[in-house]
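Down below is the structure, laid out as structure tokens.
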Amino acid sequence: VHSLDTSSLSPDMQRCYELLNQTSRSFAAVIQALDGDLRPAVCIFYLVLRALDTIEDDMTIPPDTKIVLLKAFHTYLYDPKWNFTQSQEKDKAVLEEFPKISGEFRKLRSRYQEVISEIAQKMGAGMTVFLTNKVNTMEEWDEYCHYVAGLVGIGLTQLFAASGLEDPSIEGNTRLANSMGLFLQKTNIIRDYLEDIVQDREFWPKEAWSQFANDLRDFQKPSKRRDAIRCLNFLITSTLKLLPDVLQYMSYIKNQSIFNFCAIPQMMAIATLALCYNNGKVFEDMIKIRKGQAVQLIMQSNSSNSLQKIIAYYSKEIFNKIDSTDPSGEETRSILTHILLVC
Ligand code: PS7
Ligand code: MN
Ligand code: MN
Ligand code: MN
Ligand code: MN
Ligand code: MN
């Protein structure tokens with residue numbers, strides 16, 4: 001299902017699929033396997049948000065300029081000439097070649113355009129809130145993750161409803177759609193502790209790390225490893241609470257291509273949480289699940305029954321890693337017990 005035949009598409013749309021393959025390890029294949037006109041719509045949605053996130057992530061853009069760009073970003077979708085050539089980021093091509101993306105965006109059905117543009121507007125505005133403020137409380141962690149990922153889940157759900165491939169009532173499940181995004185984003189933030197710290201970015205909530213350290217950076221020190229792992233396990237435990245929502249959301253999906261698109265990233269995330277749980281390597285290296293394990297998950301994430309099996313498997317794996325001296329251990333056990341009961 002990797003790269004389907006694109007020769008009948010416009011050169012710009014072909015370029016968009018190339019950009020998708022260049023900028024996403026996790027989403028390229030599942031997006032290209034989507035049925036009907038969801039395939040171009042979700043590809044463009046991805047590239048638009050990748051462009052927005054590239055602006056957010058670029059620490060060489062002065063904050064004042066960045067705020068203007070993030071807030072006005074959704075208007076650039078209707079500006080055929082707008083691009084940005086000053087970025088130093090890995091994925092800067094999506095900003096340089098933005099006229100190809102916006103041109104293909106304007107060819108999408110008007111309902112798709114409306115959804116994508118509205119989500120880009122809300123996400124851009126939300127990102128500016130956290131440009132100058134760090135994430136303090138657990139509530140603010142949910143708020144940041146809502147802006148950068150929960151909104152993606154909500155927008156995707158609106159696209160699924162508009163496509164006719166899912167029941168239109170799916171759109172009403174905004175809380176569950178938000179949880180789908182939060183589960184991915186929280187896992188990404190937990191795993192990327194070191195990647196973000198070395199780039200001078202902090203996404204671990206202070207309410208969590210301040211129980212174990214005076215500075216988030218201290219977790220890099222080998223002498224602070226025990227506290228670092230306690231904080232890690234605390235955040236993983238909090239993220240695991242989203243799993244019942246994930247299962248419920250997935251139970252409403254009927255179309256197989258949408259099911260796979262939604263499920264594969266979620267199963268990669270739970271495998272990533274199991275790998276990170278109680279694992280000091282999070283503070284030493286950038287860790288990733290093994291390729292063979294990823295391939296297995298991709299093949300198995302095709303029905304609600306297999307998802308339950310995968311979730312049960314990783315829940316038991318985490319359960320067996322609980323350290324009896326871990327202050328969150330009791331809560332971790334209770335959440336996993338609940339998950340194993342609903343699986
Ligand atoms: C439109 C498929 C399926 C109901 C670019 C998919 C960055 C975790 O931080 O590069 O650079 O390390 O690994 C994806 C819900 C969003 C949330 C979010 C758009 C699932 C811009 C993905 C992806 C909702 C903000 C991973 C959230 O990127 O992160 C489409 C249902 C983009 C989804 C960011 C992160 C995605 C992310 P980083 P990555
Ligand atoms: Mn970002
Ligand atoms: Mn990013
Ligand atoms: Mn990250
Ligand atoms: Mn990433
Ligand atoms: Mn990253």
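Each ligand, and each atom within it, is numbered from 1 in the order the structure gives.
Listed by number with element, the atoms of ligand 1 under 4.0 Å from a non-hydrogen atom of Phe261 are 2 (C). Near Cys262, with a cut-off below 4.0 Å to any heavy atom, the atoms of ligand 1 are 3 (C). Applying the 4.0 Å criterion to heavy atoms of Tyr249 picks out, from ligand 1, the atoms 4 (C). Each of the atoms 8 (C), 18 (C), 27 (C), 35 (C), 37 (C) of ligand 1 lies under 4.0 Å from some heavy atom of Gln185. Close approach of ligand 1 to Asp192 (heavy-atom distance below 4.0 Å) involves ligand atoms 12 (O). Heavy-atom proximity to Met180, at under 4.0 Å, picks out these atoms of ligand 1: 4 (C), 15 (C), 31 (C).
Pairs passing the ring pair (Phe, Tyr, Trp, His ring centres under 6.0 Å) check and including a residue from residues 320-343, sequence neighbours excluded, do not occur. For residues 107-128, no pair satisfies ring pair (Phe, Tyr, Trp, His ring centres under 6.0 Å), with sequence neighbours left out.
Not one N or O of Tyr46 is nearer than 3.5 Å to an N or O of ligand 1, by distance alone. The shortest N/O to N/O separation between Glu195 and ligand 1 does not fall below 3.5 Å.
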Item checked: Stepwise salt bridge (charged side-chain N to carboxylate O under 4.0 Å, His left out) check, Lys122 with Glu118 -> CA-CA 6 Å; Lys122 289 180 176 159; Glu118 196 183 294; 3.2 Å; yes
Next item on the list: Take Glu171 and Glu166 through the test side-chain contact (heavy atoms from CB on, under 4.5 Å) and record every step on the way to the result.
Entry: CA-CA 9 Å; Glu171 212 180 309; Glu166 293 295 340; over 6 Å; no
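Tyr78 and Ser117 form no side-chain donor-acceptor contact under 3.5 Å, judged by distance and modelled atom types alone.
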Solution key, residues 274-283 side-chain donor-acceptor pairs under 3.5 Å, sequence neighbours excluded:
from, atom 1, to, atom 2, distance (Å)
Asn278, OD1, Asn233, ND2, 3.0
Asn278, ND2, Lys321, O, 3.4
Asn279, OD1, Lys281, N, 2.9
Asn279, ND2, Leu275, O, 2.9

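Around the Mn ion (ligand 2), the protein atoms of type N, O or S that sit closer than 2.8 Å are Asp53 OD1, Glu56 OE1, Asp57 OD1.
Checking Phe84, Trp82, Phe105 one by one against Phe98, the ring-ring contact (aromatic ring centres under 6.0 Å, His included) holds for a single residue, Trp82. For the ring-ring contact (aromatic ring centres under 6.0 Å, His included) criterion with Trp204, the lone passing option out of Trp209, Trp141, Tyr193 is Tyr193.
No salt bridge links Arg106 with Asp79; every basic N to acidic carboxylate O contact stays at or beyond 4.0 Å.
For Asn214, the CG atom is loosely surrounded, since the number of other residues' heavy atoms within 6.0 Å does not exceed 12.
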